[in-house]
Amino acid sequence: MRLPARICPPEVLPLPDGVRFGQVGAVAVPGLGLSVRGWEPTLSCLDPPFPATALALPAYGVPASPRAPLDPRSSARRLLRRMDDLGIGSAVLLGHSASCQVVAEAARAAPGRVPALVLVGPTADPRAGSRAALVRGWLRNVVAERPEQVPQLVRDYTYSGMVSFVRALEATRRHPLSDVVGGFGGPVLLLRGARDGICSADWLARLASSAAAAEVADVATAAHMAPLTHGAELAVALRPFLVSAGRGRAGHEP
């Protein structure tokens with residue numbers, strides 16, 4: 001499942017006209033196999049305009065080379081280098097599904113650059129890490145999702161390629177996310193769709209207990225793909241947390 005070479009997936013979600021990164025902004029990473037456009041319904045609803053973008057990584061929006069390591073720590077290093085390339089010094093990091101593991105690793109590796117974390121529908125629940133449990137979770141979730149998103153999902157998974165998807169899934173399946181979140185030390189916002197069949201409320205509560213400071217919230221009527229299907233509602237939950245993180249960073253600037 002690859003598109004012709006002449007068709008390239010987007011690697012960056014552009015900032016709105018007139019919006020620039022200042023003391024703090026937000027950088028989102030697509031969920032596994034999704035493209036940066038999956039974050040557009042959410043980031044476009046941050047009002048007043050908040051400097052927020054989405055960056056693709058191998059298996060998270062763009063194909064991975066056959067030998068590229070796809071474990072969360074390696075992907076986190078790529079994310080930090082990509083931020084360097086774009087001149088983004090510090091940012092609140094937003095993850096969705098398996099990319100929550102990537103942004104959490106980046107935050108633990110470079111806490112001075114990450115004032116806060118947002119994890120939407122995080123995976124890696126150790127009680128649901130077997131292949132059979134993953135399949136059961138996806139089946140539970142499918143019936144709760146909006147069918148109109150299917151064309152976008154087909155396009156996005158084609159961008160990344162199913163080989164990259166499967167390799168990255170195996171590399172993230174046993175990742176100790178709660179340990180990484182606990183090693184971060186900054187504030188964490190944990191969100192899930194109230195109908196999410198993959199990320200359970202119990203798993204979110206266990207993650208919250210491992211964090212130094214955590215907020216937990218549900219997005220009513222959403223399932224696992226909340227950033228795609230419930231962007232406005234997700235933005236409402238995000239906005240006060242992002243504003244607070246920006247104020248906190250400003251207060252620590254010399």
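No experiment lies behind these values; they were computed from the predicted model shown. Note that the numbering runs from 1 along the sequence shown for the chain.
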- Query: How long is the span from the CG atom in Leu32 to the CG atom in Asp156, to the nearest 0.5 Å?
  - Reply: 11.5 Å

- Item | By side-chain contact (heavy atoms from CB on, under 4.5 Å) - contacts of Arg73 (at least two apart) | Asp71, Arg77, Glu105, Arg108

- Note on the structure: Applying salt bridge (Lys or Arg N to Asp or Glu O under 4.0 Å) to Glu11 and not counting sequence neighbours gives Arg82

- Query: Is it true that Arg81 and Asp85 have a side-chain N and a carboxylate O under 4.0 angstrom from each other?
  - Reply: no

- Query: Side-chain heavy atoms under 4.5 angstrom apart, residues restricted to Ile, Leu, Val, Met, Phe, Trp, Tyr: same cluster for Val180 and Leu207?
  - Reply: no

- Residues in salt bridge (Lys or Arg N to Asp or Glu O under 4.0 Å) with Arg78, at least two apart? none

- Taking only residues two or more places apart in sequence or in another chain, which ones pass side-chain hydrogen bond (donor to acceptor under 3.5 Å, both in side chains) with Glu145? Asn141, Gln149

- Query: If two hydrophobic side chains count as joined below 4.5 Å and joins carry through other members, does Leu70 share a cluster with Val163?
  - Reply: no

- Task: Indicate yes or no for a side-chain donor-acceptor contact from Ser210 to the backbone of Val181 under 3.5 Å, with no hydrogens or angles considered.
- Result: no

- Note on the structure: Residues pairing under side chain to side chain donor-acceptor pair (under 3.5 Å) where one sits in residues 189-201, two or more places apart or in two chains, turn out to be Asp196-His224

- Query: Which pair of heavy atoms, one from Thr172 and one from Tyr60, lies closest together, and at what distance?
  - Reply: CG2-OH, 3.6 Å

- Message: Restricting to ring pair (Phe, Tyr, Trp, His ring centres under 6.0 Å), what partner residues turn up for His230, sequence neighbours left out?
- Response: none

